[in-house]
Amino acid sequence: MFYLSKIEHTLRLPPHLLSLPLDEAVKKELENIFLDKVIADLGLCISVYNIYEIEGGFIFPGEGASTYTAKFRLIIFRPFVGEVIAAKLKESDSNGLRLSLGFFDDIYIPNHLLLSPSNCKPDPTKRYEVIWTWDFDEGKLDIDGNDEIKFRVISVNYPSIPIEQIEGSKPFAPMVITGSIDDDGLGPVSWW
């Protein structure tokens, strides 16, 4: 789920950071650039783990900041296909479930990857949401959002950035995880 990735990046160090020791100043700027950002085909940047080399310090003509090349490692969130993760229900609609890990909210369980047979009914407390119910031999179990939900990662996608955003559409997600709860031991933890 979490990886250490080696990165090399050339950055401008703003003058207001020059009063700090070089390691601290570069780390602050790297955190400003990378934290909570998705790098395509790599994952979501969680933290700067360490900086193991800083070179440069050049000031280019017409700039008031020095430029450095840093080699460092980032802690990256990127679940692998087949991994089982526990998350909380964020929202549900007729297309399926949207889950959240707290620091990452773009996890989708499409309706065809829910336990079958499943059906949905309108949620009386939330106007635009539904409650998914798993119908099985011994009764019905609701996915109500009170428990953590265990899901298996089916895919991790990095969609291309849209040229235009349609008005009223969901915000662009640079990393999307698709999951499944259609297996034994998956779904709300209270079921098992």
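A 4.5 Å side-chain heavy-atom check between Pro159 and Val176 finds at least one atom pair inside the cut-off. Contact check for Ile46 versus Ile76: no side-chain heavy atoms found under the 4.5 Å cut-off. Side-chain contact between Val153 and Ile85 is present, with at least one heavy-atom pair separated by less than 4.5 Å. Counting only heavy atoms from C-beta outward, the side chains of Lys27 and Ile51 approach each other to under 4.5 Å. Between Thr133 and Leu141, every side-chain heavy-atom pair lies at or beyond the 4.5 Å cut-off. The shortest distance between side-chain heavy atoms of Thr67 and Ile59 does not fall below 4.5 Å. The shortest side-chain heavy-atom distance between Met1 and Arg78 does not fall under the 4.5 Å cut-off. Side-chain contact check for Ile131 versus Ile143: every heavy-atom pair is 4.5 Å or farther apart.
The residues Lys121 and Asp142 are annotated as salt-bridged, a charged nitrogen and a carboxylate oxygen being separated by less than 4.0 angstrom.
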**OP:** Quick one: do Ile149 and Val189 satisfy side-chain contact (heavy atoms from CB on, under 4.5 Å)? Show the steps, please.
**Re:** CA-CA 6 Å; Ile149 298 172; Val189 293; over 6 Å; no
Original post:
Yes or no on side-chain contact (heavy atoms from CB on, under 4.5 Å) for Ser47 and Leu74, after CA distance, side-chain angles and deciding distance?
Top reply: CA-CA 6 Å; Ser47 175; Leu74 290 174; over 6 Å; no
**OP:** Decide side-chain contact (heavy atoms from CB on, under 4.5 Å) for Ile39 and Cys45; before the verdict, give the C-alpha distance in whole Å, the side-chain angles of both, and the deciding distance to 0.1 Å.
**Re:** CA-CA 7 Å; Ile39 299 174; Cys45 301; 3.6 Å; yes
Subject >> Evaluation steps, side-chain contact (heavy atoms from CB on, under 4.5 Å), between Leu42 and Ile7 >> reply: CA-CA 11 Å; Leu42 197 58; Ile7 308 281; 3.8 Å; yes
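Both Val26 and Ile33 are part of a single hydrophobic cluster, where members link through side-chain heavy atoms under 4.5 Å apart. When the side chains of ILVMFWY residues are joined at heavy-atom separations under 4.5 Å, either directly or via intervening members, Leu101 and Tyr3 end up in two distinct hydrophobic clusters. Residues Tyr108 and Leu44 do not share a hydrophobic cluster, clusters being chains of Ile/Leu/Val/Met/Phe/Trp/Tyr side chains in contact below 4.5 Å. Hydrophobic clustering, with ILVMFWY side chains joined whenever heavy atoms are under 4.5 angstrom apart, groups Leu115 together with Ile107.
The distance from the CG atom of Asp36 to the CZ atom of Phe104 is 11.5 Å, given to the nearest 0.5 Å. A distance of 11.5 Å separates CG of Asn111 from OG of Ser92, quoted to the nearest 0.5 Å.
When all heavy atoms of Trp132 and Leu97 are compared, the pair lying nearest together is CD1-CD2, 3.6 Å. Between Arg152 and Asp183, the closest heavy-atom pair is NH1-OD2, 3.0 Å. The two residues Gly179 and Leu113 come nearest to each other via the heavy atoms O-CD1, 3.4 Å. Between Ser94 and Val130, the shortest heavy-atom distance links the atoms N-CG2, 4.0 Å. The nearest pair of heavy atoms linking Lys6 to Tyr52 is CD-OH, 3.6 Å. Of all the heavy atoms in Pro79 and Val156, the pair that sits closest is O-CG2, 3.5 Å.
Judged as a side chain to side chain donor-acceptor pair (under 3.5 Å), and not counting sequence neighbours, the contacts of Asp147 are Ser190.
The side-chain tip of Arg73 does not point at the ring of Tyr49 from less than 6.0 angstrom away and within 45° of straight on.
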Solution key, residues 9-21 side-chain donor-acceptor pairs under 3.5 Å, sequence neighbours excluded:
{"from": "Thr10", "atom 1": "OG1", "to": "Thr69", "atom 2": "OG1", "distance (Å)": "3.3"}
{"from": "Arg12", "atom 1": "NE", "to": "Glu63", "atom 2": "OE1", "distance (Å)": "3.1"}

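You'll find the ring centres of Phe34 and Phe72 inside the 6.0 Å limit. Annotation: Phe103 is in aromatic contact with Phe77 [ring centroid separation under 6.0 Å].
Between the Ser155 side chain and the Asn157 main chain, no donor and acceptor come within less than 3.5 Å of each other.
Checking Asp182, Ile181, Leu186, Val84 one by one against Phe151, the side chain to side chain contact (heavy atoms under 4.5 Å, CB included) holds for a single residue, Ile181.
The stretch residues 93-114 participates, sequence neighbours left out, in these salt bridge (charged side-chain N to carboxylate O under 4.0 Å, His left out) pairs: Lys90-Asp105, Glu91-Arg98, Arg98-Asp106.
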